[in-house]
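Here the structure comes first, spelled out in C-alpha cells, and everything after it is commentary.
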Amino acid sequence: MRRRETRGIKRELKRPSWDEYFVAIAELVSKRSSCLRRSVGAILVKDKKILATGYNGAPSKIKHCSEVGCIREKLKIPSGERHELCRGLHAEQNAFLQAALHGTSVKGASLYSTTQPCIICAKMIINAGINEIVIKGDYPDKLSKDLLKEAGVKIRVVK
C-alpha cells in the first residue's frame, strides 16, 4: 500500500489489482445487459489496455426481451442449454464483434468476464487466440471448461 498525504493528513491508498480493476469494469458493462435471466459483461484486454467491451442482449435493431419476453423462459429451458433458442448475443460474442467492427485484433488478449463462458463462446475464444480468461462467476457448462483446458486457455477466478 502507498501512503498519500492530503493537507497534512497521511492515509493509506489501496489500489485494486489489475484483475480486480478489469473485472469491476466487466461488472459495470454488464449493467447494460437487456437479458431478463442473467446480466453478463465481458472485456477484451491486451497490455493492460481495453480493446473492446460487450454485454449480453438482443442485436442492434432487434427488440429486447424486456419488450417481447424471454423465449427460453416460456419454453422452460435450463441455463446452459439450447443457446440457439435465444434472441440475444452473449457478452463475449458482442466484445468480439465490437473489436471486429473497429478493426482491432484480439489475438493474445485476455478476456475478463462476470461469468465463465458457455461452450459456444469457448470455441470462439479458442479460435480468436485468447490466452486467458479471468472470471468472477461460474456457469453450468463442463464441456466449455474441458475444451478451454484442452486448448491451453488459462481460466482464473477473481473474487
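Position 1 is the first residue of the sequence, and the numbers go up from there. Predicted model, so just to flag it, every value in this text is computed and none were measured.
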Full working for side-chain contact (heavy atoms from CB on, under 4.5 Å) between Phe96 and Val106 | CA-CA 8 Å; Phe96 287 134; Val106 299; 4.0 Å; yes
Working for side-chain contact (heavy atoms from CB on, under 4.5 Å), residues Leu111 and Ile43 = CA-CA 6 Å; Leu111 176 90; Ile43 63 172; over 6 Å; no
Any donor-acceptor pair under 3.5 Å from Arg32 side chain to Tyr55 backbone = no
Does Ile62 belong to the same Ile/Leu/Val/Met/Phe/Trp/Tyr cluster as Val68, with side-chain heavy atoms less than 4.5 Å apart forming each link?
-> no
same_hphob_cluster(Leu85, Leu89) at 4.5 Å side-chain heavy-atom cutoff = no
Using atom types as modelled and distance alone, determine if a side-chain donor or acceptor of Arg72 lies under 3.5 Å from a backbone N or O of Glu81.
-> yes
Does Leu36 reach the side chain of Glu73, with side-chain heavy atoms less than 4.5 Å apart?
-> no
For Lys46 and Lys107, indicate whether the former's side chain and the latter's backbone hold a donor-acceptor pair under 3.5 Å.
-> yes
Verdict with supporting geometry, Val45 and Leu51, side-chain contact (heavy atoms from CB on, under 4.5 Å) | CA-CA 6 Å; Val45 175; Leu51 303 177; over 6 Å; no
If you round to the nearest 0.5 Å, how far is CD1 of Ile125 from CG of Leu147?
-> 11.0 Å
For atom CG of Asp138, is the number of surrounding heavy atoms from other residues, nucleotides or ligands below 6.0 Å larger than 12?
-> yes
Indicate if Val134 and Val157 have the same hydrophobic cluster label, given that clusters are the connected sets of ILVMFWY residues with side-chain heavy-atom separations under 4.5 angstrom.
-> no
Compare all side-chain heavy atoms of Ile126 with those of Val153 and state whether any distance is below 4.5 angstrom.
-> yes
Compare all side-chain heavy atoms of Lys145 with those of Tyr139 and state whether any distance is below 4.5 angstrom.
-> no
So, for Arg37 and Cys70, which heavy atoms are closest and what is the spacing to 0.1 Å?
-> CD-SG, 3.7 Å
Applying the 4.5 Å side-chain criterion to the ILVMFWY set and letting contacts propagate, would Ile50 and Val29 be lumped into a single cluster?
-> yes
Lys/Arg N to Asp/Glu carboxylate O, Glu12 vs Lys14, below 4.0 Å | no
Mind checking whether Trp18 and Phe22 have parallel, tilted or perpendicular rings, split at 30° and 60°?
-> parallel
Of all heavy-atom pairs linking Asn56 and Ser33, the shortest is OD1-OG, 2.8 Å
Is it true that the side chains of Arg38 and Ser79 contain a donor and an acceptor less than 3.5 Å apart?
-> yes
Are Thr114 and Val23 close enough, and set up right, to give a side-chain contact (heavy atoms from CB on, under 4.5 Å), and what steps lead you there?
-> CA-CA 7 Å; Thr114 56; Val23 167; 5.7 Å; no
What's the shortest heavy-atom distance between Ala52 and Gln98, and which atoms?
-> CB-CB, 4.1 Å
With side chains defined as the heavy atoms from C-beta onward, is the minimum distance between Pro117 and Ile133 less than 4.5 Å?
-> yes
Using a distance-only test with no angle check, is there a side-chain donor-acceptor pair under 3.5 angstrom linking Ser110 and Glu132?
-> yes
Side-chain (Gln93) to main-chain (His90) donor-acceptor, under 3.5 angstrom = yes
For Ser30 and Glu27, the nearest pair of non-hydrogen atoms, with its separation, is OG-O, 2.6 Å
Verify, without hydrogens or angle tests, whether Ser113 (side chain) and Gln116 (backbone) share a donor-acceptor contact under 3.5 angstrom.
-> no
Kindly work out whether a path of hydrophobic side-chain contacts (I/L/V/M/F/W/Y, heavy atoms less than 4.5 Å apart) joins Val40 to Leu97.
-> no
Side chain of Asn131, backbone of Ala109: donor and acceptor closer than 3.5 Å?
-> no
Evaluate whether atom CD of Glu150 has more than 12 neighbouring non-hydrogen atoms of other residues, nucleotides or ligands under 6.0 angstrom away.
-> no
Hey, does Lys136 have a side-chain heavy atom less than 4.5 Å from the side chain of Val158?
-> no
For residues Gly137 and Ile135, report the shortest heavy-atom separation together with the two atoms involved.
-> O-CD1, 3.5 Å
Grab the two heavy atoms, one from Glu92 and one from Thr115, that are nearest each other, plus how far apart they are.
-> OE2-O, 4.1 Å
Distance-only, no hydrogens or angles: does the Asp141 side chain make a donor-acceptor pair with backbone N or O of Ile119 under 3.5 Å?
-> yes
Any side-chain heavy atom of Thr53 sitting closer than 4.5 Å to one from Leu44?
-> no
Report yes if the side chains of Lys63 and Arg87 come closer than 4.5 Å at any heavy-atom pair, otherwise no.
-> yes
